[in-house]
Amino acid sequence: MQRVSKKYPRRIEVVSSAIIENNSGEILLVQSPKWCNKWTLPGGHIQPGETIIKSVLREVGEETGLKISPICIISWGELINSSNFHRYAHFIYFDVYCKLSGGKLRLDKHELTAFKWVLPKDALQLDLAESYPETIQKYIDYVMASAILIP
């Protein structure tokens with residue numbers, strides 16, 4: 001019989017978040033009391049039997065009401081006991097680059113308390129929760145590398 005750690009009662013948690021890009025090239029940032037009201041990306045836990053992409057679609061829909069079209073997984077990693085998070089946690093995370101495809105933005109007000117659309121370079125100047133600056137920089141690098149220059 002395995003014992004559950006008192007420090008990590010949920011063991012390792014697998015989560016996903018979405019970098020949602022609108023038609024103006026801005027990305028959606030949200031604030032959450034779980035993350036000391038720092039700016040984050042919408043997302044949450046991947047449920048057993050659920051793919052990374054399905055979890056991002058579900059979480060974004062639940063938290064924001066938006067519809068998205070996933071492009072690719074832009075970043076992944078682990079975060080252990082972030083000083084920004086409200087409890088001890090060991091996260092394995094996947095960040096998915098998505099395009100906004102519809103819906104009307106409405107926060108669930110339970111998990112998210114505020115939102116803003118910002119240019120990615122401006123997002124890096126905000127009070128972001130741990131690991132999000134790296135994720136946004138990877139998104140910027142990906143978009144820049146993917147840009148097709150027309151003479």
Side-chain angles (χ1 to χ4, degrees), residues 4-5 7-23 25-124 126-146:
V4 176
S5 166
K7 188 172 183 178
Y8 300 103
R10 297 183 186 186
R11 299 183 182 204
I12 295 175
E13 302 173 61
V14 184
V15 296
S16 64
S17 65
I19 299 177
I20 304 169
E21 178 185 275
N22 67 16
N23 291 336
E26 298 168 314
I27 60 172
L28 178 66
L29 295 179
V30 294
Q31 280 184 318
S32 170
K34 289 181 179 180
W35 289 93
C36 295
N37 289 315
K38 292 183 178 281
W39 292 103
T40 66
L41 300 168
H45 289 87
I46 298 173
Q47 302 298 326
E50 185 176 50
T51 67
I52 295 165
I53 299 301
K54 294 251 189 217
S55 75
V56 163
L57 294 168
R58 177 184 53 75
E59 286 286 351
V60 167
E62 289 173 3
E63 293 182 355
T64 70
L66 296 176
K67 298 203 180 308
I68 54 172
S69 298
I71 306 297
C72 66
I73 296 172
I74 201 90
S75 174
W76 59 88
E78 70 183 322
L79 186 59
I80 302 171
N81 293 336
S82 170
S83 61
N84 300 149
F85 199 62
H86 71 107
R87 62 174 168 78
Y88 288 117
H90 181 161
F91 293 119
I92 304 293
Y93 64 86
F94 298 90
D95 301 312
V96 181
Y97 167 33
C98 305
K99 295 274 192 172
L100 178 64
S101 60
K104 183 175 179 176
L105 187 68
R106 56 163 176 67
L107 298 182
D108 72 355
K109 296 294 184 189
H110 172 67
E111 298 217 18
L112 305 178
T113 56
F115 75 91
K116 65 168 64 179
W117 290 98
V118 297
L119 291 172
K121 65 179 177 54
D122 296 337
L124 294 173
L126 298 173
D127 189 17
L128 298 166
E130 187 176 352
S131 85
Y132 289 101
E134 293 85 1
T135 295
I136 293 170
Q137 187 60 57
K138 286 179 183 176
Y139 159 80
I140 291 169
D141 295 344
Y142 176 84
V143 169
M144 294 297 288
S146 301

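Positions are given from 1 along the sequence.
Side chains of I140 and L124 form a contact here, defined as non-hydrogen atoms less than 4.5 Å apart. Side-chain contact between I68 and K99 is absent, with no heavy-atom pair separated by less than 4.5 Å. Residues W35 and S82 are in side-chain contact: their nearest non-hydrogen atoms beyond the backbone lie under 4.5 Å apart. Between S16 and D95 the shortest side-chain heavy-atom distance does not fall below 4.5 Å. You'll find the side chain of F115 stays beyond 4.5 Å of the side chain of T64, heavy atoms only. The closest side-chain heavy-atom distance from L105 to L28 is below 4.5 Å. Inter-residue side-chain proximity for W76 and I52 is flagged as unmet; no heavy-atom pair is nearer than 4.5 Å.
For K34, the salt bridge (Lys or Arg N to Asp or Glu O under 4.0 Å) partners are E111, not counting sequence neighbours. Residues that satisfy the side chain to side chain contact (heavy atoms under 4.5 Å, CB included) test with S101, not counting sequence neighbours, are K67, S69. When the ring-ring contact (aromatic ring centres under 6.0 Å, His included) test is applied to F91, the partners found at least two apart in sequence or on another chain are F85. Partners of I80 by side chain to side chain contact (heavy atoms under 4.5 Å, CB included), not counting sequence neighbours, listed by chain and number: Y8, E78, H90. For Y142, the ring-ring contact (aromatic ring centres under 6.0 Å, His included) partners two or more places apart in sequence, or in a different chain, are Y97. Residues forming a salt bridge (Lys or Arg N to Asp or Glu O under 4.0 Å) with E50 (at least two apart in sequence, or on another chain): R58. Under the rule for a ring-ring contact (aromatic ring centres under 6.0 Å, His included), W39 has no partner lying at least two apart in sequence or in another chain. Not counting sequence neighbours, the partners of Y139 by the side-chain hydrogen bond (donor to acceptor under 3.5 Å, both in side chains) test are E21. Every side chain to side chain contact (heavy atoms under 4.5 Å, CB included) that V118 has, sequence neighbours left out, goes to I27, L29, K116, A123, L126. Residues forming a side chain to side chain contact (heavy atoms under 4.5 Å, CB included) with L100 (at least two apart in sequence, or on another chain): I20, N22, L66, W117.
Residue P70 forms a side chain to side chain contact (heavy atoms under 4.5 Å, CB included) with just one option from V60, V56, I53, and that option is I53.
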Check the pair L79 / I92 against side-chain contact (heavy atoms from CB on, under 4.5 Å), numbers first and verdict last.
CA-CA 7 Å; L79 186 59; I92 304 293; over 6 Å; no
Let me see the working for S17 and Y93 under side-chain contact (heavy atoms from CB on, under 4.5 Å), right down to the final yes or no.
CA-CA 8 Å; S17 65; Y93 64 86; over 6 Å; no
Let me see the working for L107 and T113 under side-chain contact (heavy atoms from CB on, under 4.5 Å), right down to the final yes or no.
CA-CA 7 Å; L107 298 182; T113 56; 5.8 Å; no
side-chain contact (heavy atoms from CB on, under 4.5 Å) for F94 and V15? Distances and angles first, verdict last.
CA-CA 6 Å; F94 298 90; V15 296; over 6 Å; no
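The line from OG of S75 to CD1 of I19 is 7.0 Å long, rounded to the nearest 0.5 Å. The distance from the CG atom of D127 to the CG atom of N37 is 9.5 Å, given to the nearest 0.5 Å. One distance of note links CD of E59 with CG of L41; it measures 13.0 Å at 0.5 Å rounding.
Applying the side-chain hydrogen bond (donor to acceptor under 3.5 Å, both in side chains) test to residues at least two apart or on different chains, the pairs with a partner in residues 40-49 are E13-H45. The stretch residues 129-139 participates, sequence neighbours left out, in no salt bridge (Lys or Arg N to Asp or Glu O under 4.0 Å) pair at all.
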